[in-house]
Amino acid sequence: MFEGAPDEPAGYVPRDMDDGLREALANAAKDGGFLLLNGQSCVGKTRTLYEAVLEVLPEWWLVHPASTDAIRELAAAPTPRTVLWLDELQVHLGTADALTEGTVRTLLHRGAVIVGTMWTTEYQARVLAPRREGDSRGDEDRRLLERAVVFDVAGAFTPSENARARERAHEDRWVRAALDSPDTGFTQVLAAAPDLVRRWECAPDPYAEHVITAAVDARRLGVHGPVSEEFLQAAVRGYLKDRRGVAPRDWLRSAIDYATAPLRGVAPALLPCADGDMEVTTGYVAADYLLQRARETRRTVCPDDAVWRALSEHCHAPDDLERLARAAGLRMRYAQATAFHRRLAGHDDHGATEALAEALLREDRIEEAIEVLRPAVQADWHLGKARATARWAGLLADRGRAQEAIDVLGAQGQKSELIKLLVRVGRPDEAVEVAQRWAADGSRYADGHLADLLAELGDEEALRARAAAGQVNSTGRLAELLARRGRRQEAIALYMPYVHTERGAADRVVELLVEEGRVEEALAVLRPFVEAGYGKACQMLAEILLAHGREEEAVDHLRTAAARDTNLHEQWAEHCPLDELPALAATGMWPAVARWTRLLARQGQLERALEIVKPMADDENAPAAMHLTELLADHGRLHEALDLLRNLIASGGAPSTWWAPEQLARLLFSHRLVGELRTEVDAGTEGAAQLLRRLTYGETGAVAEERRERYRGWILPEYGVC
């Protein structure tokens with residue numbers, strides 16, 4: 001761009017957010033505060049924050065910690081008037097040694113000002129991702145980030161920012177160059193993004209190029225920490241596999257010097273990382289923008305075995321190893337995945353031990369898997385102990401060592417697994433004895449297991465005796481046993497005493513009455529629950545009416561019920577009259593939009609359907625975006641759908657695009673595009689490996705007949721009352 005020009009940083013173009021950011025910094029300086037700039041790579045987060053701190057707090061100490069331990073040390077012995085600088089905050093989160101909300105709270109109480117930057121995708125994944133009931137993973141990160149005052153840094157300049165840039169361009173050549181580079185982006189040019197790419201892709205020799213490539217691929221595959229020189233040296237062989245001849249003696253040093261040279265004082269391709277004393281370089285991290293670039297240009301490139309081997313031998317952080325194991329498995333590099341799991345198991349990671357055992361089982365190495373699981377089974381209590389023991393016992397039984405497995409489960413008190421195993425190996429009487437002793441303690445959970453077992457064994461007499469004694473679990477199991485034997489009247493009689501108080505019992509009675517042809521009686525049981533607003537009862541009522549030719553009555557019912565219960569929107573949209581569907585879709589009710597646009601597409605009005613769906617998809621509406629790809633694929637525009645999905649994946653994986661990888665794999669599978677599916681395996685696309693095996697080898701495991709669902713007879717108070 002400016003050949004031979006001295007390496008000087010670009011001038012700063014003030015951002016619209018500057019005043020608010022400076023005011024927040026001044027307020028934080030009074031009693032402590034936490035400010036976070038959130039945006040994509042190379043949008044000016046770091047520079048904007050640097051300029052604000054330099055102006056508002058020029059006399060304060062600035063601490064850039066080398067590790068999370070250093071942050072905790074600062075919290076234990078804080079220095080007055082200190083700014084804690086946490087560029088790329090995500091590196092301190094989501095690891096075994098993560099920064100906690102408690103440490104941040106301590107620093108804030110002691111008057112520290114914490115400032116940081118973070119990628120938008122990393123921030124959204126922690127704050128906006130949906131939580132699953134009972135899953136507390138990520139709660140600590142979420143609490144920490146909720147303490148921050150967040151400023152969003154846009155990737156493009158606003159009109160007022162562009163005006164200021166044009167004014168500054170008269171005196172700053174880098175600003176002028178950025179304005180003249182519309183294809184790259186203003187902030188990216190100022191952050192030296194084109195020069196970074198050029199430095200990588202136009203390196204003077206293959207050694208320099210592949211040292212950068214190795215570091216970038218390591219990040220892309222899951223290494224969040226720095227990589228060592230030993231790794232770079234070993235990995236480069238994998239990129240030079242077709243090259244002949246002797247490398248220069250100093251090739252590694254020369255390549256690293258090239259890769260770590262700063263560009264205009266902004267950022268090198270590889271950032272050196274120092275030890276705790278900041279005196280010795282311990283490794284290198286690829287620049288953010290190069291990672292972003294690699295996700296676009298190298299997404300489908302699976303590194304050579306030599307690179308995987310180098311990762312296995314020279315990466316040590318457990319969190320990195322776990323991510324690498326997953327990356328290898330998704331790419332069908334099972335031997336490499338096993339190597340990573342083995343390394344993790346060496347860290348006394350019992351979860352990794354189980355994963356290693358499963359990897360060995362995929363290769364039919366059952367005896368090795370048994371021995372691998374042994375330490376997890378014999379260890380003191382840990383989160384996965386019960387699961388590992390059950391798996392171990394099952395493997396022992398498979399190898400004809402049933403008694404050994406039974407002894408292990410009995411010694412560890414795993415009664416439910418012991419009961420299953422005894423039945424499995426043909427010792428049901430012993431299973432019943434174990435279950436009876438367990439249920440004698442009065443545990444409702446144990447009583448449920450005994451009732452399940454008796455029903456599984458078909459012991460009607462024992463169930464009837466327990467039901468007569470008031471055991472509600474046994475009552476439910478007995479009713480279901482009778483129903484399966486065609487004795488529905490008796491089953492209904494057992495359930496009826498619970499119908500007016502227990503929704504589960506009422507639902508089952510309705511099903512049995514319909515099977516008996518007693519539709520009006522079934523509807524009479526349902527209606528009190530419908531009037532009380534019980535969603536499932538409303539759904540069942542509509543299904544019964546539709547199944548028995550009472551469509552008008554069902555439509556009237558759904559129209560009213562869906563107005564007060566969004567859970568019924570899908571059923572209402574499916575059955576509402578066609579002349580009402582466009583108006584219903586116009587309200588934004590998604591199931592109605594989906595049905596209406598499918599109808600339009602089938603009628604040859606695909607463009608009209610796309611005009612309705614595209615704005616919703618562009619607004620990060622995941623169901624709409626998924627539906628858009630289905631419309632395109634189903635109506636002759638498959639490659640447009642595939643390109644859309646690939647672009648979503650390459651964009652960095654925001655929470656709203658979680659569905660894209662599996663959707664891409666499903667489309668390729670359904671159209672039998674083996675070559676493209678194999679490419680997605682190399683890319684590590686979720687679900688691609690499983691579907692490729694089915695296409696290539698005709699495996700049926702993934703589509704094996706699902707275990708038959710059967711009603712378990714639960715009529716416990718947890719179902720609530722009408």
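These numbers were taken from a predicted model, which means no experiment stands behind them. Just so it is clear, the values below take in all heavy atoms, side chains as well, and ignore hydrogens, waters and symmetry mates.
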Taking the basic N atoms (NZ, or NE/NH1/NH2) and the acidic carboxylate oxygens, is any pair closer than 4.0 Å for R331 and E680?
no
Closest contact, heavy atoms only, P268 versus A287:
O-CB, 3.6 Å
CA sep, side-chain torsions, deciding dist, call: Q336, S312, side chain to side chain donor-acceptor pair (under 3.5 Å):
CA-CA 8 Å; Q336 288 86 351; S312 174; over 6 Å; no
Name the atoms and distances for all side-chain donor-acceptor pairs under 3.5 Å in residues 101-108, with sequence neighbours left out.
from	atom 1	to	atom 2	distance (Å)
E101	OE1	R105	NH1	2.6
E101	OE2	R105	NH1	3.0
E101	OE2	R147	NE	2.5
E101	OE2	R147	NH2	3.3
T103	OG1	T100	OG1	3.2
T106	OG1	G102	O	3.0

If I compare all heavy atoms of A337 with all of A328, which pair ends up nearest, and what's the gap?
N-CB, 3.7 Å
To the nearest 0.5 Å, what is the distance between CG (L321) and NE2 (H341)?
10.5 Å
Tell me whether the rings of Y239 and H210 are parallel (<30°), tilted (30 to 60°) or perpendicular (>60°).
parallel
Atom pair CG (D18) and CG (L49), whose distance is rounded to the nearest 0.5 Å:
10.5 Å
Is there a donor-acceptor pair closer than 3.5 Å between any side-chain N or O of Y258 and the backbone N or O of R199?
yes
Just checking, is any N or O donor in the side chain of S228 or H314 under 3.5 Å from an acceptor N or O on the other one?
no
State whether the side chain of T82 and the backbone N or O of P78 hold a donor-acceptor pair below 3.5 Å, judged by distance alone.
no
From OG1 (T629) to CG (D643), nearest 0.5 Å:
12.0 Å
Before you tell me yes or no, could you show the steps for L89 and L145 under side chain to side chain contact (heavy atoms under 4.5 Å, CB included), namely the whole-Å CA-CA distance, both residues' side-chain angles and the distance that decides it to 0.1 Å?
CA-CA 10 Å; L89 175 62; L145 292 171; 3.8 Å; yes
Is there a side chain to side chain donor-acceptor pair (under 3.5 Å) between T46 and D87? Walk through the geometry before answering.
CA-CA 7 Å; T46 301; D87 212 10; 3.0 Å; yes
Would you check, one step at a time, whether the test salt bridge (Lys or Arg N to Asp or Glu O under 4.0 Å) holds for R326 with E686?
CA-CA 10 Å; R326 173 173 167 75; E686 190 79 41; 2.3 Å; yes
SB check D288 K45 (cutoff 4.0 Å)
no
With distance as the sole test, does Q292 use its side chain to make a donor-acceptor pair with the main-chain N or O of Y289 at under 3.5 Å?
no
Do the charged groups of D304 and R309 touch, with an N to O distance under 4.0 Å?
no
Could you walk me through whether E676 and R646 satisfy the salt bridge (Lys or Arg N to Asp or Glu O under 4.0 Å) test, starting with their C-alpha distance in whole Å, then the side-chain angles of each, then the deciding distance to 0.1 Å, before giving a yes or no?
CA-CA 12 Å; E676 293 188 49; R646 290 184 177 113; 2.8 Å; yes
Distance check, rounded to the nearest 0.5 Å: L232 atom CG versus I212 atom CD1?
10.0 Å
Go through the steps to decide whether R15 and E51 satisfy the test salt bridge (Lys or Arg N to Asp or Glu O under 4.0 Å), and finish with yes or no.
CA-CA 11 Å; R15 308 295 294 264; E51 295 290 341; over 6 Å; no
Less than 4.5 Å apart, any side-chain heavy atom of T48 and any of L37?
yes
In short, P303 meets D217 closest at the heavy-atom pair CG-OD2, 4.0 Å
Verdict with supporting geometry, Y50 and W85, side chain to side chain contact (heavy atoms under 4.5 Å, CB included)
CA-CA 9 Å; Y50 166 79; W85 185 278; 3.9 Å; yes
Should we say atom CD of E322 is surrounded by more than 12 heavy atoms from elsewhere, each under 6.0 Å from it?
no
May I ask you to check whether over 12 heavy atoms, not counting those of R666, lie within 6.0 Å of atom CZ?
yes
Using a strict cut-off of less than 4.0 Å between a Lys/Arg side-chain nitrogen and an Asp/Glu carboxylate oxygen, indicate whether D257 and R253 qualify as a salt bridge.
yes
Is there a side chain to side chain contact (heavy atoms under 4.5 Å, CB included) between F340 and R323? Walk through the geometry before answering.
CA-CA 9 Å; F340 292 123; R323 285 185 288 267; over 6 Å; no
Interatomic distance, CZ@F157 vs CG@D16, rounded to 0.5 Å, equals 9.0 Å
Identify whether the distance between the nearest side-chain nitrogen and carboxylate oxygen of E146 and R143 falls below 4.0 Å.
no
Can you give me the closest heavy-atom contact between V43 and A154, atom names plus distance?
CB-O, 3.8 Å
Please report the interatomic distance OH(Y334) to CD(E363), rounded to the nearest 0.5 Å.
10.5 Å
Give a yes/no verdict on a cation-pi contact between R47 and Y12, requiring under 6.0 Å between NZ or CZ and the six-membered ring centre and an angle within 45° of the axis.
no
For the pair E122 and R126, evaluate salt bridge (Lys or Arg N to Asp or Glu O under 4.0 Å) and give the outcome as yes or no after the intermediate values.
CA-CA 7 Å; E122 296 282 355; R126 290 169 169 82; 2.7 Å; yes
